[in-house]
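This report concerns only the one structure given below.
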Amino acid sequence: MENQKIADIFNRIADLLDIRGDNPFRIRSYRAAARTIEDLPENLAGAAGEGKDLTDLPGIGKDLAAKIAEIVQSGRLKFLDDLKKTLPPGLPELLRLEGVGPKKVKLFYEEAGIDSIDSLDRAARAGRLRGLDRMGEKTEEKIVRAIESYRKTAGRFRLDTGFAAAEEITAYLEPAADDLVPAGSLRRRRETVGDLDILAVTRDGPGLMERFVGQPETTAVLAQGSTRSAVRVENGLQVDLRVMAREEFGSALLYFTGSKAHNIALRRRGRERGLKVSEYGIFRGEKRIAGETEEECYRALGLPWIPPELRENRGEIEAAEQNRLPRLIEPEAIRGDLQMHSTASDGKESVLEMARAAEKRGYRYIAITDHSQAVRVAGGLNEKELAEHLKEIDKAGKKCPGIRILKGVEVDILADGTLDLQDEILRECEVVVASIHYNFNLPEKEMTRRIVRGLKNPQVNIFGHPTGRLLLQREPYSFDFEEVVKAAVGEGVTLEINAHPARLDLNDVLARRAKELGARLVIDTDAHSSLQLGLMEYGVFTARRAWLEKDDVINTYPLKKLLDVLNRPLR
DNA sequence: GGACTCCTGTCCTAGTGCTCCAAAGCACT
């Protein structure tokens, strides 16, 4: 069992208790435990199985340890099952709406009988909320907007959720298949996935299908046939399995990888050449001329193989035809990570622990960039504390000679565009990441001015998570992207692709545009624990979707060249 | 519910801005 699954159960309990108005400290305990479990480098179910004492973990006492044991053993938790019965099933979902928290959910339910997104939507549109305590017209409008935004992304899942599900399912199916490849938007590494398409080759189709629909995760069988079956699994994701013959595997993979726009363009191209392109192969008349591999399918269409990340019909077919597809950046090209946190602010591990973990990954350098004072929730540092912390970083550096630990900070760009720390201390840093964590709601012009002013500070090297969006959760703040990129280019500021799968910010489209405008990029994990250093691959996926090559990304550079770009001396 | 300790009772992550409504909920990692 994945740690995430146990953490999800605790978070669900916290949500329900929150809506019921339970003891806030009890609620916090569940959330704290969930976070501890998410960040755990080892598998909790395994540890529990070996008889390890789970109460040694921070925030896990006797009660929660027993609950974990129950989850590991039975896959369920009676406490949660009982708790669920006390409230309508649609209530927790309301918490996903921006601007709606437990207090409002409780109010809506108890005073207006609202028990789902749909009923809330109807009530808000009918103006039936404004009679409630502290509710007015503005709040109604805000809720309608929040629901619209939520619905745009409902039914989609973050890429990491898709990966975890795909891994679990393919591992389970492996004994019954010769070949097994997840296709669809997951293979194209889109930031979110709708459903999961898995392709298989096997000599025993019915046996594989039996195993697929019977997997322990299944909550509903949507379809079951000899070549295609579909199920819904525990977290709501729909998974399709398709069994193909060996000779059509390539064309099927091509078809099911998509995107739809890419496929349409390929089929049109085929038709122009007198060919019929389908998931079963490429045919001239009745004769199959390609189908077993993707390479031969593309070749039959007069094209080199196109990496899945580019298959969006955004110019990749023309580029392939003219042999000028980009040489996309590879994960192995990454030499360091320029944004991460330590215990000095809200990270889970010390500078030294982060450095040693990064060294193990083969990195040559990292930057420790803890928060500045404005981010109080994260224990951000003021000038004096940062000065002390920089000394600590130097000390850690001496203990870990195999990797260069750059002194850094993630400083907030305040609402007026000034920075949250004085220039003198920023000058002591080798990497200054400037980011926005507050006042997201400025009008576009004001926000643009604010960012540009922030980036014009000569100490700033990197603009962190530039749009501020959280996937499936929070829209980006509004600003003039082109103007900001131009300012960044002019000031020598590098734009971040934040690799955290909840952010992926810049996204693929904007990162590509930034490159076109002459910007340099960096891929950072923003890790809050050593485990999260592994999120780098998600940033690389996004960079590949943005057509980026190795040289577009500064943390592929050797240290000397990197410092040169950062305009800092090599010490 | 956990941690710490006073072994039953107490405290627990700080504080600010925003919004929208008139005192408080929500968001911020």
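Heavy atoms only: backbone and side chains are in, while hydrogens, waters and symmetry mates are out. Numbered from 1 within each chain, the chains take letters A, B, ... in sequence-line order.
- Rounded to an integer number of Å, the gap from A:Asp346 CG to B:dA14 P is 14 Å.
- For A:His437 and A:His371, the gap between ring centers is short of 6.0 Å.
- Residue side chain A:Asn23 reaches the base of B:dG1 through a donor-acceptor N/O pair under 3.5 Å, judged by distance alone.
- Each of A:His341 and A:Pro58 lies near DNA chain B, and the nucleotide nearest A:Pro58 is the one positioned closer to the 5' end.
- Put simply, CG on A:Asp412 is 12 Å from C1' on B:dT16, counting in whole angstrom units.
- In this entry the distance linking CD of A:Glu98 with P of B:dA27 reads 7 Å, nearest Å.
- The aromatic rings of A:Phe163 and A:Phe541 lie parallel to each other, with less than 30° between the two planes, well short of the 60° mark.
- Looking at A:Asp53, its side chain does come within 3.5 Å of a backbone N or O of A:Thr55 through a donor-acceptor pair.
- Applying the 4.0 Å criterion to OP1 and OP2 of B:dA14, one finds that A:Arg376 has every side-chain N and O outside that range.
- When the nearest nucleotides of DNA chain B are assigned to A:Gly99 and A:Gly136 by heavy-atom distance, the more 5′-ward of the two goes with A:Gly136.
- As judged by a 4.0 angstrom heavy-atom cut-off over every strand, A:Lys348 is placed among residues making no nucleic acid contact.
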DNA chain B base-pair string [pairs: Watson-Crick or G-U under 3.5 Å; |: paired with another strand]: ((((....))))..(((((....))))).

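- Across all strands, A:Arg503 comes closer than 4.0 Å only to sugar-phosphate atoms, never to a base (heavy-atom distances).
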